[in-house]
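Worksheet: the structure to be examined is printed underneath.
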Amino acid sequence: MFDTLSDRLAATFKNLRGKGRLSEADIDATAREIRIALLEADVALPAVRAFIANVKQRALSAEVSQALNPAQQTIKIVNDELVGILGGETRRLRFAKQPPTVIMLAGLQGAGKTTLAGKLGQWLHKQGHAPLLVACDLQRPNAVTQLSVVAERAGVAVFAPEPGNGVGDPVKVARDSIEYAKAQQYDVVVVDTAGRLGVDQEMMRQAADIRDAVRPDEILFVVDAMIGQDAVNTAEAFRDGVGFDGVVLSKLDGDARGGAALSIAHVTGKQIMFASNGEKLDDFDAFHPDRMASRILGMGDMLSLIERAEQTFSQAEAEKMAAKLAKGPKEFTLDDFLEQMEQVRKMGSISKLLGMLPGMGQLKDQINNLDEKDVDRTAAIIKSMTPGERADPHVINGSRRARIARGSGVEVSAVKGLVERFFEARKMMSRMAQGGGMPGMPGIPGMGGGPGRQKKQQKKGKGSRRSGNPLKRLEEEQAAAARREERSGSALGPGAAAEENFELPDEFKKFMG
């Protein structure tokens, strides 16, 4: 969603690099480019004015003029102001001291409230709560059925005593759901209310009646992030008519310009609490202003990536894989490769995961063109192999490749390419485990592969020079033999035994596998 804004800001900051000192004219030009970028992103004008004023004030102050690198300091200022305009600190849910905690969802029709109710229910369930979804949208056709289906997919309970489609009293359903939750010991109640195609008095009155009936601990306003500044106008109408405590952005994965996300917290004074960035139930998480600002500036979101990895990978499996790698590269088989690939797939979309890495904004076209089905094809190829072939891919000859290709529905070249890539990956992992470092990079000091080893390899590549004088050459050979005898602590030379018995340190093992 923020690709256009990210590109404009990156181009603006690129012009600052290389300047030893920023003049007032440089700061004005930078502020003008940032203002244009924000307006093109459909950010509300009051938010743009406040943002630019803060950036200019801080950029002209002593904190930049005395900095060693004023360009980097300006980028830091923009990052800080982005965090501020997005709401500042992360806002957490307030839970009732006496359960159940009541969360009411409000918003326009089409904003995605019903689907988001299922996402929120699954998120709460993963947090250790017992949520109950309540179907109070009795106007929209099949809204009750949709919520029941979403709740089943999310693995949470639903309270839907009325069929909907214009039948039933939503206020009574909301009131009865509280008693039902207490009786069945559900500690969180998520009330899905009706919406309209536009803000009207009837919708506001019904939402206010439900609010008065259940007295929610949190009222979350669900807004479609793709509708731009209209989202701000709708949020202000709901704030004045019903009131809400926090904002939930839906459809954050769309191709809109992102003005709603950058405007709504500043204009309404209510923080964004959650964000939905996909159609799957897992595409939902708490909103972190600092992480979103980091993504907009192309610096990635490593914290979110680490959190996803911790939720997906178990410590026991990581230790098991580290032990295999420590034994040697041949212990790592295609079965292990398939298991690791499936674990990564559980973390979510590959393209979204890559987008969280710093510097990937320069490769966003390649990332967006990634075919997620390649993972499925790779899994099909491995599963078409026999257990013996997975354990030792060296046995895969031409006839075996043809059989595997037929079984997985791919070309023979795809099978050959997969096996070759597996061997390369295993070789790289072996090199890392033995302290050789990444290819093309210096090794870790004390773990081999460092500058000393590289120098020895360079010297060895030049070859030894021998004198053309027979007597002098004989003296050189005798001197070399004497030096070898003095160094002989092992048949392979000093330090060989240490390299043969090398074991990956414990603090690095957790990163392997």
Side-chain angles (χ1 to χ4, degrees), residues 305 308-309 312-313 317-318 320-357 359-360 362-443 448-449 454 457 461 502 504 509 511-513:
L305 188 61
R308 287 198 185 187
T312 305
F313 291 89
E317 290 296 325
K320 178 181 175 182
M321 191 58 60
K324 277 195 171 187
L325 291 172
K327 292 180 181 178
K330 292 185 179 180
E331 295 293 326
F332 186 78
T333 66
L334 278 168
D335 282 320
D336 299 322
F337 179 71
L338 177 61
E339 181 181 350
Q340 294 291 296
M341 187 172 60
E342 290 176 343
Q343 291 286 342
V344 172
R345 188 64 181 270
K346 290 179 183 178
M347 292 174 62
S349 168
I350 302 298
S351 57
K352 289 181 181 178
L353 295 177
L354 291 175
M356 293 181 182
L357 296 174
M360 285 297 172
Q362 303 174 2
L363 304 174
K364 65 175 181 293
D365 292 336
Q366 294 90 319
I367 292 175
N368 292 334
N369 292 328
L370 282 177
D371 187 359
E372 299 285 342
K373 293 183 179 179
D374 282 341
V375 178
D376 297 329
R377 283 190 282 267
T378 301
I381 293 174
I382 297 176
K383 291 178 180 178
S384 297
M385 300 177 183
T386 65
E389 291 168 344
R390 296 182 203 175
D392 184 12
H394 288 98
V395 303
I396 301 177
N397 53 22
S399 60
R400 289 175 183 260
R401 281 195 292 268
R403 189 204 77 240
I404 295 169
R406 289 194 301 270
S408 55
V410 299
E411 299 291 335
V412 176
S413 59
V415 180
K416 182 180 179 182
L418 169 62
V419 174
E420 290 176 350
R421 290 197 304 272
F422 171 73
F423 285 138
E424 288 296 324
R426 192 166 71 173
K427 187 186 301 182
M428 183 185 71
M429 294 172 72
S430 174
R431 178 188 175 111
M432 292 176 65
Q434 295 176 3
M438 293 288 287
M441 295 177 61
Q454 292 175 354
Q457 292 174 347
F502 174 77
L504 196 65
K509 286 183 179 179
F511 297 107
M512 306 300 294

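Every salt bridge (charged side-chain N to carboxylate O under 4.0 Å, His left out) that K383 has, sequence neighbours left out, goes to E342. Residues satisfying the side-chain hydrogen bond (donor to acceptor under 3.5 Å, both in side chains) test with R401, not counting sequence neighbours, are none. The side-chain hydrogen bond (donor to acceptor under 3.5 Å, both in side chains) test applied to R406 returns no partner, not counting sequence neighbours. Shown here are the side-chain hydrogen bond (donor to acceptor under 3.5 Å, both in side chains) partners of S413, two or more places apart in sequence or in another chain: there are none. A379 is linked by a side chain to side chain contact (heavy atoms under 4.5 Å, CB included) to L338, M341, counting only residues two or more places apart in sequence or in another chain. With sequence neighbours excluded, no residue forms a salt bridge (charged side-chain N to carboxylate O under 4.0 Å, His left out) with D392.
Residues P393 and V419 approach most closely at CB-CG1, 4.1 Å, considering heavy atoms. Closest heavy-atom contact between F337 and L418: CE2-CD1, 4.2 Å. Minimum heavy-atom separation, S384 to G407: OG-C, 3.4 Å. Taking every heavy atom of both residues into account, M385 and L334 meet most closely at SD-CD1, 3.4 Å. Scanning all heavy atoms of the two residues, the minimum distance from I404 to I381 falls at CG2-O, 3.6 Å.
With contacts defined as side-chain heavy-atom distances shorter than 4.5 Å, the pair R403/T386 qualifies.
Proximity of a side-chain donor or acceptor of R390 to a complementary backbone N or O of I382 within less than 3.5 Å is detected.
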